[in-house]
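We number each residue from 1, following the sequence as shown.
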Amino acid sequence: KPFVPEKFLEKAVVTYTNVNPDEIEAALRENINRDELLGKFGLPKDKFLVLGLGQFIDRKGRWVFLEAARKILEKTRDTVFVWISNTVLTEAEQAKVESFGLGGNFFLIKSEDVGSAHLDLMKFLRLADVYTLPSFVEGLPISLLEAMALGIPSVSTNVYAIPEAVKNGETGILIEAGDADALAAAIEKLKNDAGLRKKLGESGRNWVLQNFNEKTVAEIAFQAYQKSFESR
């Protein structure tokens with residue numbers, strides 16, 4: 001923006017982070033044995049599962065995620081929190097994780113253990129009752145879009161481009177970055193309202209497939225290039 005005229009920005013065509021709808025549908029067609037998959041990773045089979053995915057680092061809101069988990073688990077132990085990441089923790093980071101006192105209700109799972117194929121990851125995502133990404137800094141994360149496209153009710157933060165996908169109360173729940181109380185409240189709200197989970201899961205899926213579909217994005221780019229060539 002600082003390097004181009006305002007008129008240029010007015011005419012600029014925008015393409016978005018996007019999902020592959022065929023891959024999404026393939027993941028949904030897969031028959032998964034929930035209990036078997038949970039058991040593979042030592043996850044409890046009778047608990048509400050809250051999932052995060054991505055680098056387990058500060059800007060992704062890892063400590064907000066754990067603090068929200070602590071607040072919820074102070075009331076009930078029937079929820080399990082899982083974060084899938086390729087991040088290797090230092091001793092200091094591991095000690096801080098343990099300081100939250102989550103015990104067997106928090107799992108940090110290596111993405112490579114989930115599987116080498118992207119389809120393996122999306123099959124695992126289907127285990128989640130709620131997906132959350134409490135980032136401080138983010139563009140428009142593919143992991144969030146894919147979770148929504150899979151019909152998983154999602155909670156994320158009101159930063160950067162995330163609100164273009166997560167419309168608060170319509171396609172998901174938006175909270176302010178750094179607010180562990182709000183994250184805990186959003187998770188509890190979804191946990192206690194199956195109808196809301198279904199509504200947000202369905203509307204989030206439809207919104208992503210309509211607006212962040214790679215085929216649509218490719219067509220936008222193609223038409224923009226074609227128009228440019230024709231005008232020369």
Side-chain angles (χ1 to χ4, degrees), residues 1-29 51-55 57 59-61 65 83-86 111 117-126 128 130-177 183 186 190 197 199-231:
K1 186 174 181 179
F3 305 105
V4 295
E6 189 68 29
K7 288 184 178 180
F8 177 89
L9 292 176
E10 291 173 0
K11 296 179 180 179
V13 177
V14 177
T15 59
Y16 294 89
T17 304
N18 51 82
V19 300
N20 181 335
D22 295 334
E23 196 173 38
I24 294 293
E25 295 311 309
L28 290 173
R29 285 195 302 269
L51 180 67
L53 170 64
Q55 291 177 288
I57 56 177
R59 73 173 177 84
K60 292 285 189 179
F65 181 86
W83 193 296
I84 302 172
S85 177
N86 58 6
S111 51
H118 193 61
L119 184 61
D120 294 326
L121 184 60
M122 288 201 287
K123 286 164 58 179
F124 191 96
L125 276 173
R126 288 178 55 194
V130 169
Y131 180 84
T132 181
L133 187 64
S135 297
F136 288 89
V137 179
E138 199 67 76
L140 185 55
I142 293 176
S143 63
L144 174 63
L145 295 180
E146 288 182 336
M148 294 173 69
L150 288 168
I152 304 166
S154 299
V155 183
S156 196
T157 45
N158 186 25
V159 299
Y160 299 88
I162 287 176
E164 295 186 30
V166 182
K167 307 291 184 182
N168 190 41
E170 297 178 20
T171 64
I173 297 179
L174 273 183
I175 62 168
E176 294 305 315
L183 179 57
L190 288 167
R197 294 200 303 276
K199 172 194 167 186
L200 295 183
E202 290 177 352
S203 60
R205 169 176 161 77
N206 291 335
W207 180 257
V208 168
L209 292 178
Q210 289 170 10
N211 295 279
F212 304 97
N213 182 321
E214 72 170 18
K215 295 179 180 179
T216 303
V217 170
E219 182 63 25
I220 291 171
F222 176 79
Q223 293 294 342
Y225 278 111
Q226 187 175 54
K227 182 178 180 181
S228 176
F229 288 134
E230 290 173 351
S231 65

>> Can you confirm whether N18 sits close enough to K215 that some side-chain heavy atom of one is under 4.5 Å from a side-chain heavy atom of the other?
In response: no
>> Checking the side chain of T15 only, and the main-chain atoms of V13 only, is there a donor and an acceptor separated by less than 3.5 Å?
In response: no
> Does the side chain of D22 reach to within under 4.5 Å of the side chain of E214, using non-hydrogen atoms?
Replying inline: no
> So, do L53 and L121 sit near enough that their side-chain heavy atoms are less than 4.5 Å apart?
Replying inline: yes
>> Treating T17 as the side-chain partner and P141 as the backbone partner, does any N or O pair qualify as donor plus acceptor under 3.5 Å?
In response: no
>> For E170, is there any backbone N or O sitting under 3.5 Å from a side-chain donor or acceptor partner on S203?
In response: yes
> Roughly how far, to the nearest 0.5 Å, is the CD1 atom of I162 from the CG atom of L145?
Replying inline: 9.5 Å
>> Closer than 3.5 angstrom, by distance alone: can the side chain of W207 be matched with the main-chain N or O of V166 as a donor-acceptor pair?
In response: no
> Can you pull the ring-ring contact (aromatic ring centres under 6.0 Å, His included) pairs that have at least one residue in residues 5-26, sequence neighbours excluded?
Replying inline: Y16-F212
> Under a 4.5 Å cut-off applied to non-hydrogen side-chain atoms, are V137 and Y160 in contact?
Replying inline: yes
> Would you say V4 and L9 make side-chain contact, with heavy atoms under 4.5 Å?
Replying inline: yes
> Which one of N158, L183, T157 satisfies the side-chain contact (heavy atoms from CB on, under 4.5 Å) criterion with E176?
Replying inline: N158
> Is there a donor-acceptor contact under 3.5 Å from the side chain of N168 to the main chain of L174?
Replying inline: yes
> Can we say E25 and R205 salt-bridge, meaning some charged N sits less than 4.0 Å from an Asp/Glu carboxylate O?
Replying inline: yes
> So do R59 and S135 actually touch side chain to side chain, heavy atoms under 4.5 Å?
Replying inline: no
